[in-house]
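Predicted, not measured: the structure shown is a model, and the values here were computed from it.
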Amino acid sequence: MCVHGWCNTIHATSGNQENHYVNVRRLLAAALFLFAGTTQANDFWDELADHYGIGSHDHEDVRYWSDDFASRPHEIRTLVRRAEPYLAVIARQLETASMPAELICIPFLESGFDPNAFSSGTAAGLWQFMPHTADRFGIQRSWWYDGRRDIIASTEAAIRYLAYLHDIYDDWLLTLAAYNAGEGRVRRAITRNRKAGRPTDFWSLDLPPQTEAYVPRILGLAEIFARPDAFNVTLPALSTVPQTIAVKLPGQLGLPQAAKLADMPLTEVQRLNPAFNSFATDPDGPHRLLLPADKAGAFALALKALPASERVSWSRHKVQAGDTLGELAEDFDTTVSVIRSINKLSGNQIRIGQVLMIPSGANAAIASLPASQQTAGARIYKVRMGDSLWSIARRHDIHVADLTRWNRMSSRSVIRPGQVLLVTSPSRTERTVYYTVRSGDSLGGIARRYRVRANDIAAMNDLATPDRLRPGQRLKIRVDVADHSGV
């Protein structure tokens, strides 16, 4: 991925020469200086419009939605500010793939440009991929990582999906309709019209009301971005130069360690890299971090100097009677496969007295950060002799279930003196969804679908008789998006 020929990926691998990193940093600084001096800050919108490819559609529905967006300029500016770190990166991805630049409007409508957005149908990320569609188009999902929330990976998958749909319909409006309603529904609508001798263009099809509004909304927003003055809208001034750079990593890295190396708050590292569920990157990759352009060069140099053993916080654990790999994985915020791989175990058998090295880059590493770099809203508690999960939860006026969820533990997990726990969640990946009860639904079934407690749903919705749900009833549910990452 390049910006006018300047490569915007920095490699941080142990085999490179230090002079290489100095040169990369100088090259980057020169590029930023060059573009700062030769382009206007607001050129982003002009360049975006130059790469439009869907064509003009003078339709009353498009005009309606353009006027509707123009009547809410504050909302547009808020959305653009939220999207600002990612817009130039995504625009370059679309340009490289020779895709119409109007497609950048999809995340505005799908997710409000919130990478942690989550729907009642379990779609996630900027582009709102359902799990089965994510798998179909090569989005990696694991306990550690959900590529649907990865800015780069999800955009690459969206481009593949949109290209696939466009190959079917050879029409961008039908492609957008299929992205929203599904290719089967659009195909059936086309078949009905063809059999009836009616036109098969988007405007002539009988589609769900949501889809009939979806396509003109995208076109209407694209009109605002292309001609803001015509709608009396002032867009935030943005540069064509991406504000963020993908820095390649030599392997797994703790996010708190990354925050230290980049000299930036942990919350900002997490904001730019929302796909990581824990406080470390996935040991199986992708091995990259999105970082501010002005931090990337220094980060690469600092990472090169960091010993491999310090990339993730480690615990040295002596196996005790009753220990199992599953319980240790829960206790140390990792997975069985990772413990096996690191300790070269062929199976799940461990013996008393055996010493295991276990990565635990989450809370202990957070506690070591300066206050300014710790996760906003999180509070740390160090376990004392005699503590239990129940006593810690009661002391901090929280539920045991919340305590275990925030720390990726089970209610059966053993805690040890000196262990560090999050006792207030930063709620980085928690979102509220609304579910409409269907015939045959039960509270327990809904709770299992969203991986929450039935009692929490009942309390949030003031259900005096939770066993008496009625079809059409609307329930508010607080969901941790990270719990929906694994296959």
Side-chain angles (χ1 to χ4, degrees), residues 1-5 7-9 44-45 47-55 83-117 119 123-141 145-183 186 202 211 214-215 217-219 221-222 225-226 240 242-246 248 272-275 285-286 288 290:
M1 188 189 316
C2 294
V3 183
H4 303 292
C7 186
N8 77 328
T9 300
F44 174 81
W45 304 108
E47 183 172 315
L48 189 75
D50 287 343
H51 288 88
Y52 277 11
I54 292 179
E84 186 175 358
Y86 321 121
L87 280 175
V89 173
I90 293 175
R92 294 298 169 233
Q93 288 180 270
L94 292 172
E95 181 184 351
T96 300
S98 299
M99 302 291 273
E102 295 99 320
L103 300 180
I104 205 169
C105 296
I106 292 176
F108 283 99
L109 270 61
E110 289 284 350
S111 62
F113 250 100
D114 175 5
N116 288 310
S119 77
L126 289 183
W127 299 88
Q128 286 292 279
F129 274 99
M130 295 286 287
H132 66 276
T133 311
D135 296 342
R136 183 179 169 194
F137 287 91
I139 295 181
Q140 179 183 333
R141 293 186 300 129
Y145 166 87
D146 189 342
R148 295 179 297 170
R149 306 200 317 267
D150 184 310
I151 309 305
I152 295 173
S154 66
T155 301
E156 290 173 346
I159 288 171
R160 289 193 294 272
Y161 186 21
L162 288 162
Y164 162 80
L165 293 172
H166 191 261
D167 284 345
I168 295 174
Y169 303 109
D170 195 28
D171 181 288
W172 279 111
L173 302 197
L174 295 177
T175 295
L176 292 171
Y179 189 90
N180 178 257
E183 59 197 83
V186 172
F202 167 77
T211 305
Y214 181 81
V215 174
R217 284 181 74 200
I218 286 179
L219 298 176
L221 184 58
F225 290 158
T240 58
Q243 299 180 19
T244 52
I245 289 179
K248 290 191 176 181
L272 294 176
N273 300 275
R288 66 164 181 252
L290 205 60

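Between A178 and L165 the shortest heavy-atom distance is CB-CD2, 3.9 Å. L48 approaches A101 most closely through the heavy-atom pair O-CB, 3.3 Å. Across all non-hydrogen atoms, the minimal contact from L94 to P100 is CD1-O, 4.3 Å. Heavy-atom minimum distance, H51 versus E47: ND1-O, 2.9 Å. A181 approaches T211 most closely through the heavy-atom pair CB-OG1, 3.2 Å. Considering all non-hydrogen atoms of both residues, A246 and L290 come closest at N-CD1, 3.8 Å.
Taken from CZ in R217 to CZ in F108, the straight-line distance is 12.5 Å, to the nearest 0.5 Å. To the nearest 0.5 angstrom, I168 atom CD1 is 11.0 Å from L174 atom CG.
A222 meets the side-chain contact (heavy atoms from CB on, under 4.5 Å) test with Y52, E102, C105; sequence neighbours excluded. Under the side-chain contact (heavy atoms from CB on, under 4.5 Å) criterion, P286 pairs with Q140, Y145, D150, R288, not counting sequence neighbours. Take A49 and apply the side-chain contact (heavy atoms from CB on, under 4.5 Å) test, not counting sequence neighbours, and it matches A226. For Y179, the ring pair (Phe, Tyr, Trp, His ring centres under 6.0 Å) test picks out Y161, with sequence neighbours left out. The side-chain contact (heavy atoms from CB on, under 4.5 Å) search around S154 returns W127, not counting sequence neighbours.
In this structure the side chain of I106 reaches within 4.5 angstrom of the side chain of L162, judged on heavy atoms. The closest side-chain heavy-atom distance from H166 to M99 is not below 4.5 Å. For the pair W45/L87, a side-chain contact is recorded, criterion being any heavy-atom separation below 4.5 Å from C-beta on. A heavy-atom distance below 4.5 Å is not found between the side chains of P107 and Y86. Annotation: side chain of R141 is not in contact with side chain of F129 (no heavy-atom distance under 4.5 Å). A 4.5 Å side-chain heavy-atom check between T240 and R92 finds at least one atom pair inside the cut-off.
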Using the side chain to side chain contact (heavy atoms under 4.5 Å, CB included) rule, take V215 and N180 through it: C-alpha gap first, then chi angles, then the decisive distance, then the call.
-> CA-CA 9 Å; V215 174; N180 178 257; over 6 Å; no
How far apart are the C-alpha atoms of L176 and L103, what are their side-chain angles, what is the distance that settles it, and do they pass the side chain to side chain contact (heavy atoms under 4.5 Å, CB included) test?
-> CA-CA 9 Å; L176 292 171; L103 300 180; 3.8 Å; yes
Going through the distances and angles, do Y169 and E183 end up as a side chain to side chain contact (heavy atoms under 4.5 Å, CB included)?
-> CA-CA 9 Å; Y169 303 109; E183 59 197 83; 3.5 Å; yes
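Looking at I151, I152, I159 one by one, the single match for side chain to side chain contact (heavy atoms under 4.5 Å, CB included) with I90 turns out to be I151.
At distances below 3.5 Å, at least one donor-acceptor pair connects side-chain atoms of Q128 with backbone N or O atoms of G125.
Among pairs with a residue in residues 103-115, those fulfilling salt bridge (charged side-chain N to carboxylate O under 4.0 Å, His left out) read D114-R431, at least two apart in sequence or across chains.
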